[in-house]
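Working notes, structure below.
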Amino acid sequence: MKAPRVVETQVRVRFEECQPGGEIRASTFLRYAQDAAWVHSDAAGFDRAWYRDRGLSWLVRCLTLEIVGPSLAGETLTVSTEVVAMRRVLARRHGEIRDAVGDVVAVVETDWLMTGAGLSPVRIPADFDVAFPPVPSSFEPARVSLPATPPDAHRRRFHVRRAEVDPMAHVNNASYVDYLEESLAEAGALTALSARPRRYVLEYQQAAEPGAALVAATWPDGEGWAYRLTDDAGVDLLRARFTPRADVHVP
């Protein structure tokens, strides 16, 4: 089955998807992008049963979210997604969320990692080269480089809640943005969470499991904020950067 290069879906913004002040929470854009990716995969013949039968799954390795416009409860948004590159075990997706008049509200770029048994990286099956339009076979995976956590960083200790765990039995990638924003608000960056444009870059190291005890460290760094999430043994689970008033590229 040959998939279209770009797939579009429409969503109506729900009241509970919005933050104080009325605009969409940042994590909601990631959930929209994730759902659109599944619609595209289904259209190519790779539905959930296909993955289950082969013991394969995708995990987010790194993502960049840029929020550039307003979006409120009750509005209808168009979410587009396309595969823009594939290399060995990674595939990059580009997504855009637009309002009713076609203006860009948010842009999401995600590096997905193909995994097999035990969530170990495996090569993307050749079937994907047939099903999707040709894309570049090489790209530089996104990374988040952080210095050592300073002693005066704001620290937040908490446990993974059941509501944050997805069907793969670990914290969904979008929930980590909620974690990041909770820490930023506590650390004194609450007003920055409504700034536009603003950029979030997250690199996922390991999955947080149900009930896990987590430690988040947040500190000002350069033009924005740095964030490190670890388990209670100090192992990195996530590295992230948040930049309010970022100089972002709008398609």
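Residue-environment remark: CD (Glu209) stays at or below the threshold of 12 foreign heavy atoms within 6.0 Å. Counting heavy-atom neighbours within 6.0 Å of Glu75 CD, excluding the residue itself, gives a total above 12. Around atom CZ of Arg143, more than 12 heavy atoms belonging to other residues, nucleotides or ligands sit under 6.0 Å away.
Taken together through direct or relayed side-chain contacts under 4.5 Å among Ile, Leu, Val, Met, Phe, Trp and Tyr, Val60 and Leu30 form part of one hydrophobic cluster. No path of Ile, Leu, Val, Met, Phe, Trp and Tyr side chains, each step under 4.5 Å between heavy atoms, connects Val122 with Leu113, placing them in separate hydrophobic clusters. Tyr51 and Ile124 fall within a single hydrophobic cluster, where Ile, Leu, Val, Met, Phe, Trp and Tyr side chains are chained together by heavy-atom contacts under 4.5 Å. Hydrophobic clustering, with ILVMFWY side chains joined whenever heavy atoms are under 4.5 angstrom apart, groups Val160 together with Leu237. Cluster membership for Met114 and Val135, using ILVMFWY side-chain heavy atoms within less than 4.5 angstrom, is shared.
The side-chain heavy atoms of Val13 and Leu72, taken from C-beta on, include no pair separated by under 4.5 Å. With a 4.5 Å cut-off on side-chain heavy atoms, Phe242 and Glu181 do not count as touching. A heavy-atom distance below 4.5 Å is not found between the side chains of Glu66 and Pro197. Inter-residue side-chain proximity for Arg5 and Pro134 is flagged as met; some heavy-atom pair is nearer than 4.5 Å. Using a 4.5 Å heavy-atom cutoff, the side chains of Ile97 and Val108 are in contact. With a 4.5 Å cut-off on side-chain heavy atoms, Ser183 and Phe158 do not count as touching. Contact annotation: the side chain of Pro141 never approaches that of Arg61 to less than 4.5 Å [non-hydrogen atoms, C-beta and beyond]. Using a 4.5 Å cut-off on side-chain heavy atoms (C-beta onward), Arg98 and Ser80 make no contact.
Residues Pro244 and Gly224 share a closest heavy-atom pair of CD-CA, 4.1 Å. Across all non-hydrogen atoms, the minimal contact from Pro150 to Arg155 is O-NH1, 3.8 Å. In terms of heavy atoms, Trp50 sits closest to Pro125 at CH2-CG, 4.0 Å. Shown here for Ala153 and Ala217, the closest heavy-atom pair between the two residues is CB-CB, 4.3 Å. Listed here is the closest heavy atom pair of Ala73 and Cys18: N-SG, 3.6 Å. The nearest pair of heavy atoms linking Ala142 to Arg92 is N-NH2, 3.6 Å.
In this structure, CD on Glu182 lies 9.5 Å from CG on Leu193, to the nearest 0.5 angstrom. For the atom pair CD of Glu96 and CG of Leu77, the computed distance is 13.0 Å after rounding to the nearest 0.5 Å. Here the CG atom belonging to Asn173 is positioned 5.0 Å from the CD atom belonging to Gln34, to the nearest 0.5 angstrom. Between atom CG of residue Leu202 and atom CZ of residue Arg241 there is a gap of 12.0 Å, rounded to the nearest 0.5 Å. Atom CZ in Phe139 sits 9.5 Å away from atom CE in Met86 (nearest 0.5 Å). For the atom pair Leu56 CG and Leu119 CG, the distance stands at 11.0 Å (nearest 0.5 Å).
Distance alone, capped at 3.5 Å, is enough to place a donor-acceptor pair between the Lys2 side chain and the Val130 backbone. Under the 3.5 Å distance criterion, the side-chain polar atoms of Thr28 are matched with a main-chain donor or acceptor of Glu17. The closest donor-acceptor contact from the side chain of Arg87 to the backbone of Glu140 lies at 3.5 Å or more, if one exists at all. Of the possible donor and acceptor atoms, none in the side chain of Arg228 sits under 3.5 Å from a partner among the backbone N and O of Ala148.
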(request) For side-chain contact (heavy atoms from CB on, under 4.5 Å), just list the numbers for Ile24 and Gln19, CA-CA rounded to whole Å, side-chain angles, deciding distance to a tenth of an Å, and then say yes or no. (result) CA-CA 6 Å; Ile24 290 180; Gln19 62 185 340; over 6 Å; no

(message) For Ile67 and Tyr200: C-alpha separation, side-chain torsions, deciding distance, then whether side-chain contact (heavy atoms from CB on, under 4.5 Å) applies.
(response) CA-CA 9 Å; Ile67 299 177; Tyr200 306 73; 3.8 Å; yes

(request) Please report the C-alpha distance between Val68 and Val107 in whole Å, then the side-chain angles of each, then the deciding distance to 0.1 Å, and finally whether the side-chain contact (heavy atoms from CB on, under 4.5 Å) criterion is met. (result) CA-CA 8 Å; Val68 298; Val107 178; 5.5 Å; no

(message) Determine whether Ser71 and Phe29 satisfy the following criterion, side-chain contact (heavy atoms from CB on, under 4.5 Å), listing intermediate values before the conclusion.
(response) CA-CA 10 Å; Ser71 47; Phe29 290 118; 3.5 Å; yes

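Checked by atom type, the side-chain pair Glu203/Gln205 shows a donor-acceptor distance below 3.5 Å. Checked by atom type, the side-chain pair Glu109/His94 shows a donor-acceptor distance below 3.5 Å.
Between Phe46 and Phe132, the ring planes lie parallel to each other; the angle is under 30°, not in the 30° to 60° tilted range.
Considering Leu229, Thr149, Thr230 as possible partners of Val215, the one that fulfils the side chain to side chain contact (heavy atoms under 4.5 Å, CB included) test is Thr230.
Aromatic pair Trp58/Tyr204: ring centres not closer than 6.0 Å. No close placement of the Tyr179 and Tyr227 rings is indicated, their centers lying 6.0 Å or farther apart.
No cation-pi contact links Arg93 to Trp112, judged by a cut-off of 6.0 Å to the six-membered ring centre and 45° from its axis.
Using a cut-off of 4.0 Å between Lys/Arg side-chain N and Asp/Glu carboxylate O, Asp178 and Arg31 are scored as salt-bridged.
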